[in-house]
Amino acid sequence: CYENANHLKLLEKLRGKKFVYEADKATFFRTSLAGDKKDRTIFKQNADHHGFIARLKGACQLLGYDPERIKIILVQMLSLLSPAGEAEKFSKRLGNTIELDEALQYLETDQLKFFLLEKEPNQPLFINTDLLKQNKERTRLYYIQYAHARCHQIFRKAQEKGITKIGSSINLLEEESEQKIFNLLIRFPGILETIVAENKPHHLIHYLYELAQA
């Protein structure tokens, strides 16, 4: 958006519709026309300012779009834990915030993605990098990756033995553990439907972990 100056085009469009005006050395957006208590200055805000949801929807309404089509998911702040398990206090004013690039020096990309998706958006996220390094083989991510590797190994051995077709009869599943895996696998389409309906991908993480343990 900033690279191709779309934000400037949008600002000019708002000015043309008289939705933007200058006052007190600041640029104001007439959010009061969309039901806000007062007009707001236009500036960049952090993602944790939930009060801006209604204002963003109001802006879309003034531009002629259906505000109900906008779905905004707020997530809690991510905190890193000290070796003692205490949450570190980060502040821009203190100058000790950690950017994503710096976080990736302590966490692998897969680890960071996993922990960001593991919990519901309304739950706080805590990551203890020291424990992750010490107990890498005890994390949910490890079990899921291990199960994934084992599945590839089974398919590779089947290919080596010339097995190209998988039987479709559930009567072949005699062991209780096999039936448990089958029952989990047939749940997968429903899990995906839930994720799409609720916009909560953490359901997939919990499902994969349960499947990996089966």
Worksheet entry | Sequence neighbours excluded - ring pair (Phe, Tyr, Trp, His ring centres under 6.0 Å) pairs with any residue from residues 161-203 | F188-Y207, H202-H206
Worksheet item: Taking atom CG of L204 and atom CG of L117, what is their separation to the nearest 0.5 Å?
Response: 8.5 Å
Practice prompt. Go through the steps to decide whether L141 and Q111 satisfy the test side chain to side chain contact (heavy atoms under 4.5 Å, CB included), and finish with yes or no.
Written response: CA-CA 7 Å; L141 176 61; Q111 286 179 314; 3.8 Å; yes
Worksheet item: What closest approach, in Å, do I144 and L208 show between heavy atoms, and which atom pair accounts for it?
Response: CD1-CB, 3.8 Å
Discussion item. Using 0.5 Å steps for rounding, measure from the CZ atom of F114 to the CD1 atom of I205.
Written reply: 5.0 Å
Discussion item. Same cluster or not: I195 versus L185, using hydrophobic residues (I, L, V, M, F, W, Y) connected whenever any side-chain heavy atoms lie under 4.5 Å apart?
Written reply: yes
Worksheet item: Who are the side-chain contact (heavy atoms from CB on, under 4.5 Å) partners of L172, not counting sequence neighbours?
Response: S169
Worksheet item: Quick check: does any side chain N or O of R30 sit under 3.5 Å from a backbone N or O of K18, one acting as donor and the other as acceptor?
Response: yes
Fill in: Steps toward salt bridge (Lys or Arg N to Asp or Glu O under 4.0 Å) verdict (E210, R187)
CA-CA 12 Å; E210 184 179 1; R187 283 174 48 200; 3.5 Å; yes
Practice prompt. Test Q145 against D110 for side chain to side chain contact (heavy atoms under 4.5 Å, CB included), laying out the working first.
Written response: CA-CA 10 Å; Q145 289 178 327; D110 289 342; 3.6 Å; yes
Worksheet entry | Lys/Arg cation over aromatic Y209: R140, 6.0 Å, 45° cone | yes
Worksheet item: Near K180 NZ, under 6.0 Å, is it more than 12 heavy atoms from other residues, nucleotides or ligands?
Response: no
Worksheet item: Do L173 and I186 belong to the same hydrophobic cluster, where Ile, Leu, Val, Met, Phe, Trp and Tyr are linked whenever their side-chain heavy atoms lie under 4.5 Å apart, directly or via other members?
Response: yes
Worksheet item: Does the side chain of Y21 come within less than 4.5 Å of D39's, by heavy atoms?
Response: yes
Item to complete: Name all residues meeting the side-chain contact (heavy atoms from CB on, under 4.5 Å) criterion together with R150; count only those two or more places apart in sequence or in a different chain, and write none if there are none.
Response: Y146, Q153
Discussion item. Return the CG to NE2 distance between L211 and H148, rounded to the nearest 0.5 Å.
Written reply: 11.5 Å
